[in-house]
Structures are given as C-alpha cells and as structure tokens.
S.K.: 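Below: one structure in structure tokens.
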Amino acid sequence: MSDTKLPIYLDYSATTPVDPRVAKAMMDCLTLEGNFGNPASRSHAFGWSAEQAVEKARQQVASLINADPKEIVWTSGATESNNLAIKGAAHFYSKKGKHLITLKTEHKAVLDTCRQLEREGFEVTYLEPQDNGLVDLNVLRAAIREDTVLISIMHVNNEIGVIQDIEAIGEIARENKVIFHVDAAQSPGKVKIDMQQAKVDLLSLSAHKTYGPKGIGALFVRRKPRVRIEAQMHGGGHERGMRSGTLATHQIVGMGEAFHLAELEMDAENERIRMLRDHLLSGLKDIEEVYINGDIESRVPHNLNMSFNFVEGESLIMALKDIAISSGSACTSASLEPSYVLRALGRDDELAHSSLRFSIGRFTTQEDVDHAISVIRSAVSKLRDLSPLWDMYKEGIDLKSIEWAAH
Amino acid sequence: MAYGEKVLDHYENPRNVGSLDKDDSSVGTGMVGAPACGDVMKLQIQVDQNGVIEDAKFKTYGCGSAIASSSLLTEWVKGKTLDQASQIKNSEIAEELALPPVKIHCSVLAEDAIQAAISDYQNKQAEHKKSA
Ligand SMILES: Cc1ncc(COP(=O)(O)O)c(C=O)c1O
C-alpha cells in the first residue's frame with residue numbers, strides 16, 4: 001500500500017486522463033512544425049495533410065463501431081451529438097409525427113434535449129426501467145404510437161453501468177419504422193459496438209471517457225438505410241452540412257488514436273479491469289446492509305455502484321477524501337437531490353442518498369483497490385457509529401414505521 | 001464541495017458522540033429531520049436539579065455540515081440553563097461554522113434538535129410530577 005499515490009482516481013466514468021500515446025499524437029498537430037493546417041484548405045499541402053489526419057481518425061472511430069467512415073460526423077462531444085441527433089431527427093421527421101420515446105435514466109444531455117422539444121410542441125414518453133435498470137422490451141413496444149418518430153435509449157448507463165440490449169431495441173424500432181438513437185458515450189472500449197449488427201440509426205460518441213481529450217465527439221449517422229437530420233450548427237457546410245465549424249485536427253486525431261487503442265487493447269484491458277472490479281466488490285459486499293445498484297450481469301466491467309444503508313452519501317465522500325469517486329452523476333453531485341437514476345430504479349431516497357459510484361480504469365492498480373477497500377470499510381463503520389438510524393436498525397426498529405417530519 | 005476548517009474539525013473529531021438513557025427522567029431527547037431528506041439528528045441532554053444541562057450527546061445521519069452543527073451544539077449547550085440553551089439560534093451556528101447558503105438547513109436542524117430535546121425533557125418532568 002505504501003507505493004499507492006494519493007488521492008486514488010476511481011472516477012473513470014466521469015472522465016479519463018488522456019493516454020500518453022494519444023497526447024503525443026495530438027501534440028503533433030499544433031505547432032508550425034506540426035500538422036496544424038485547416039483540413040478544409042484545398043489549395044496547399046498544409047490543408048491536405050490535416051485532412052489526411054482527420055480522415056485517418058474518422059476511419060479509426062468508424063472501425064471501433066464497425067461502421068463506414070462516411071457515417072461519422074465530428075462534434076464537440078456526446079452532449080452535442082445527442083442534441084444534434086434528437087433535435088435533428090425530430091425536426092426533420094416532424095411532418096410524420098411529433099412523439100418521442102426515451103428512458104428515465106438517460107443522461108441529462110438526452111433528457112434536457114427532450115424537454116426542449118416538449119416546449120416546442122413534441123410529446124415525449126419517459127419509460128420507467130425495471131428495478132435492475134434495464135428497459136422492458138414489452139413496455140417499449142407498448143409505448144410506440146402511430147406518430148412516434150424517434151426512440152432514444154442509451155447503451156451504457158453512466159451511473160450504474162448497465163448495458164441495454166440495443167440490438168433487440170433496434171429490431172423493434174426498425175419493425176415500427178421509428179428512428180433509433182443511442183447515447184453510447186460510456187461504451188467505447190468497454191463493450192463491443194457493431195453497427196452492422198445493431199439496427200441503430202444514430203449513435204453518440206465521446207472521446208474523453210475512453211482516454212481521449214475532452215471537447216471532441218462524434219455522431220454516427222446511418223447511410224443504409226439513409227437517416228436524415230436537420231443541422232443545429234450552421235456555417236461553412238462542414239461534415240456534409242450536418243455540423244459546420246473548422247475541424248479541430250488535434251482533438252480529432254486524439255479521438256481517433258484513443259479509439260484505435262481501445263480497439264487493439266480492449267479485450268485484455270477489460271479482463272484486467274473486471275478482475276479489479278470484482279476484487280473491489282468482494283472486499284465490500286460482506287459489509288452489512290449494502291446493496292448493488294443495477295444489474296450485475298449486463299454491466300460494463302469497470303463500474304460498481306453501491307448503496308451503504310444508514311450512511312449519508314456526502315459525508316461518506318468526505319470521509320473518503322483520498323479516493324476520487326462520485327455520488328450519483330458528476331453533474332448532480334453539487335445539489336442535494338438524490339440520484340434520479342437510482343430513484344427511477346425504485347430505490348428509496350435513503351439508499352439513493354447513500355450511493356457511491358466506483359469506476360476503474362486503465363491506470364488503476366491492485367494496490368489502489370486494496371487501499372480503497374480499507375478506507376471505505378473504516379469510513380462506513382465510523383459513520384454508522386455516528387448514525388442514529390443505524391442504532392434504530394440495530395434495535396430492530398422499522399424506519400418506515402416512523403413518522404418523520406419532512407423539512 | 002469544499003468545507004470550512006471548523007466543519008472539517010468537527011467532522012474529523014466529533015465531540016460528544018453517543019447516547020444517554022432515553023427513559024431516564026432527567027434526559028431529554030430530540031430527534032429531527034428525515035432519512036429521505038438526507039439528514040436526521042438525535043440530540044440528548046441530561047439536566048440537573050437546577051435546570052442546568054450537565055451533559056449532551058448526539059448522533060447524526062447527514063452531511064459533514066450536519067454532523068458539525070450537532071457536534072458544535074453539544075459543546076455549546078453544556079453548562080447552560082434550559083432557558084439559555086433555548087435561545088441558541090441557527091444563525092449563530094451557521095456563522096461559527098461558516099456554513100455556505102446550501103448548508104444553512106443543517107444549522108436550522110440543530111436549532112430544531114435542541115428545542116425538541118428541551119420540550120421532551122419538560123414533558124417528562126410534567127408527567128413525572130403528575131405521577132409523583
Ligand atoms: C451517458 C452520457 N451521455 C453524455 C455525456 C456527455 O458527454 P460529453 O461530456 O462528451 O458532452 C456523458 C458524460 O458526461 C455520458 O456519460
């Protein structure tokens with residue numbers, strides 16, 4: 001444990017560090033000596049060479065998801081990809097209908113985009129997932145209407161790491177002639193994505209969850225059968241008119257290299273990471289009154305989300321100051337709201353309040369995990385000694401039988 | 001969220017953690033808050049014949065600021081008369097701990113806790129006199 005560097009980073013689902021090999025490729029695209037040109041410049045070698053780098057990256061990203069490079073549109077990240085896909089398709093197909101279907105446990109970048117469309121006169125059905133976080137396909141089928149134009153369901157959930165069956169959902173969408181969008185920000189390098197297999201029409205990607213830089217992402221837009229979207233960013237007509245703006249060569253090259261490394265290394269890497277995650281789980285699961293959130297089988301290998309009953313999450317995070325983890329999603333941890341994702345799974349507020357998300361990654365070591373186990377165990381025990389709820393539980397009092405004064 | 005020094009100190013070294021016998025007629029117990037809201041405070045006071053708080057204990061389920069507010073409160077009420085203790089205001093606790101606006105409710109809860117403990121003690125005394 002002595003050589004463990006503190007604090008320990010166990011928040012790879014929030015973002016990852018850039019892989020040094022990726023950083024190197026990016027640095028080669030910045031200075032006068034490097035590949036700094038505007039990929040849209042057609043009249044000189046600086047532009048041609050930048051364009052070449054961008055097209056190589058497009059190929060690398062397409063390859064990881066088994067798509068055609070022509071189906072990749074560069075964006076600034078998964079937030080923008082989600083906006084472009086959902087607003088773009090909803091607007092384009094609005095003459096056909098104005099009904100959308102999504103899931104209550106989606107990232108805010110999807111939910112808030114849907115809210116905006118509601119303000120514009122669209123109708124949105126927010127499906128309740130099952131208690132394990134997975135969507136019930138029959139519930140989905142039943143929600144489809146004559147005027148449904150788009151289904152947006154994420155691949156991997158950012159909080160609980162559960163993997164939705166996008167192949168099965170794609171079949172349902174295609175049968176009903178509904179466009180299917182998938183937020184796959186959390187998937188690359190963790191779980192195989194195959195656009196030849198899954199009938200996904202639009203798929204959002206981000207670089208910074210997969211050891212690439214922040215501020216770059218992509219949207220897969222299927223060509224066969226062709227899917228149309230309305231541009232959200234107007235200008236020079238880059239990316240076949242779907243997303244204008246000078247391409248950020250260094251960012252794009254970074255994403256390409258990161259996805260290339262993911263393709264080469266994901267099998268071996270995931271095996272190692274799954275072992276570390278299982279080690280973490282076995283070091284924690286015998287603590288009394290702990291609950292795993294989300295399905296443990298249909299789940300990415302690097303995620304563990306657990307609730308520690310009778311311990312409040314924020315104080316737990318405070319006690320764990322040497323390990324960087326998150327309570328709920330990074331975007332909501334500044335507010336006092338319990339995780340809406342856990343609530344949608346039917347978890348009590350108490351359990352939602354006491355949840356921690358651990359996400360392991362490329363640079364996590366066995367020593368890191370051992371250290372985490374030991375500090376978590378002592379923090380939970382310290383906070384339970386302080387907790388009146390723990391005393392009541394130990395005395396056999398059912399906390400639900402008490403009339404708490406809400407405040 | 002960044003915490004103030006005093007909050008951290010109380011959180012790391014909480015004062016007067018524990019329980020007193022809730023059936024003892026000289027003990028007043030206040031339990032406020034709700035698990036669903038993310039904080040529950042239990043404050044207990046032991047009162048002598050002269051109406052002075054000789055001991056105080058707490059247990060708190062909640063964030064660091066809630067733990068610090070209750071820990072500080074136990075320090076403050078010890079040695080005070082019930083009358084003096086009932087005058088403690090949440091704003092004094094918030095000021096002492098330099099709580100940010102989003103954490104003011106923790107100090108409010110602490111004020112509620114001492115009020116609840118005092119009234120529990122007074123009810124018990126009234127019962128006690130009736131049955132005596
Ligand atoms: C599922 C999911 N969708 C979208 C996003 C947003 O991605 P980006 O940061 O690239 O905009 C994230 C990450 O924050 C995410 O986890």
S.K.: If I measure from the heavy atoms of chain B, does A:D385 come under 4.5 Å with its side chain, its backbone, both, or neither?
M.R.: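 Contact with chain B involves the backbone of A:D385 alone.
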S.K.: Heavy atoms only, distances under 4.5 angstrom: which of A:L399, A:V311, A:D348 has the most pairs with chain B? Name it, please.
M.R.: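 Of A:L399, A:V311, A:D348, A:V311 has the most heavy-atom pairs under 4.5 Å with chain B.
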S.K.: Are more than 12 heavy atoms from other residues, nucleotides or ligands located less than 6.0 Å from atom CD of B:E95?
M.R.: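 Check fails, neighbour count at 12 or below.
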S.K.: Quick one: side-chain hydrogen bond (donor to acceptor under 3.5 Å, both in side chains) partners of A:E128, sequence neighbours excluded?
M.R.: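 Residues passing side-chain hydrogen bond (donor to acceptor under 3.5 Å, both in side chains) with A:E128: A:K104.
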S.K.: Tell me the residues of residues 58-68 of chain B whose non-hydrogen atoms fall below 4.5 Å from those of chain A, in number order.
M.R.: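 The residues closer than 4.5 Å to chain A, in numerical order, are B:F58, B:K59, B:T60, B:Y61, B:G62, B:C63, B:G64, B:I67.
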S.K.: Counting heavy-atom pairs under 4.5 Å with chain B, which one of A:L386, A:D349, A:L351 comes out on top?
M.R.: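 It is A:L386.
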S.K.: Over all heavy atoms of both residues, which pair between B:A34 and A:W404 is shortest? Give the atoms and the distance, please.
M.R.: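 Reported closest heavy-atom pair: CB-CB, 3.5 Å.
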S.K.: Take a 6.0 Å sphere around NZ of B:K22 and say whether it holds more than 12 heavy atoms from other residues, nucleotides or ligands.
M.R.: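 Counting other residues, nucleotides and ligands, NZ of B:K22 stays at 12 neighbours or fewer.
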S.K.: Between A:I402 and B:M31, is a side chain to side chain contact (heavy atoms under 4.5 Å, CB included) present by the stated rule, with each step listed?
M.R.: CA-CA 11 Å; A:I402 293 177; B:M31 176 122 80; 5.6 Å; no
S.K.: Using the side-chain hydrogen bond (donor to acceptor under 3.5 Å, both in side chains) criterion, which residues pair with B:N50? Sequence neighbours excluded.
M.R.: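 Partners of B:N50 under the side-chain hydrogen bond (donor to acceptor under 3.5 Å, both in side chains) test: none.
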S.K.: Only pairs of heavy atoms separated by less than 4.5 Å count here; which of A:L316, A:I317, A:L383 has the most with chain B?
M.R.: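 Most heavy-atom pairs under 4.5 Å with chain B: A:L383.
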S.K.: Given a strict heavy-atom distance threshold of 4.5 Å, which part of B:V40 is in contact with chain A: side chain, backbone, both, or neither?
M.R.: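 Backbone plus side chain of B:V40, per the 4.5 Å heavy-atom cut-off to chain A.
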S.K.: Just jot down the side-chain hydrogen bond (donor to acceptor under 3.5 Å, both in side chains) partners of B:S71, sequence neighbours excluded, or say none.
M.R.: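 B:H10.
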S.K.: Given side chain to side chain contact (heavy atoms under 4.5 Å, CB included), test B:K42 with A:L389 step by step and report yes or no.
M.R.: CA-CA 9 Å; B:K42 187 181 84 169; A:L389 304 181; over 6 Å; no
S.K.: Would you confirm whether B:Y3, through its side chain, and A:M318, through its main-chain N or O, come within 3.5 Å as a donor-acceptor pair?
M.R.: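 Looks like no, no N/O pair under 3.5 Å.
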S.K.: Let me know if A:A319 has heavy atoms under 4.5 Å from chain B in its side chain, its backbone, both or neither.
M.R.: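 Both the backbone and the side chain of A:A319 come within 4.5 Å of chain B.
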S.K.: Say whether, by atom type as modelled, one donor and one acceptor occur between the side chain of A:H353 and the main chain of B:P35 under 3.5 angstrom.
M.R.: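 Between the backbone of B:P35 and the side chain of A:H353 there is no qualifying donor-acceptor contact (under 3.5 Å).
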S.K.: Quick one: what part of A:K321 sits under 4.5 Å from any heavy atom of chain B, side chain, backbone, both or neither?
M.R.: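 For A:K321, side-chain heavy atoms alone lie under 4.5 Å from chain B.
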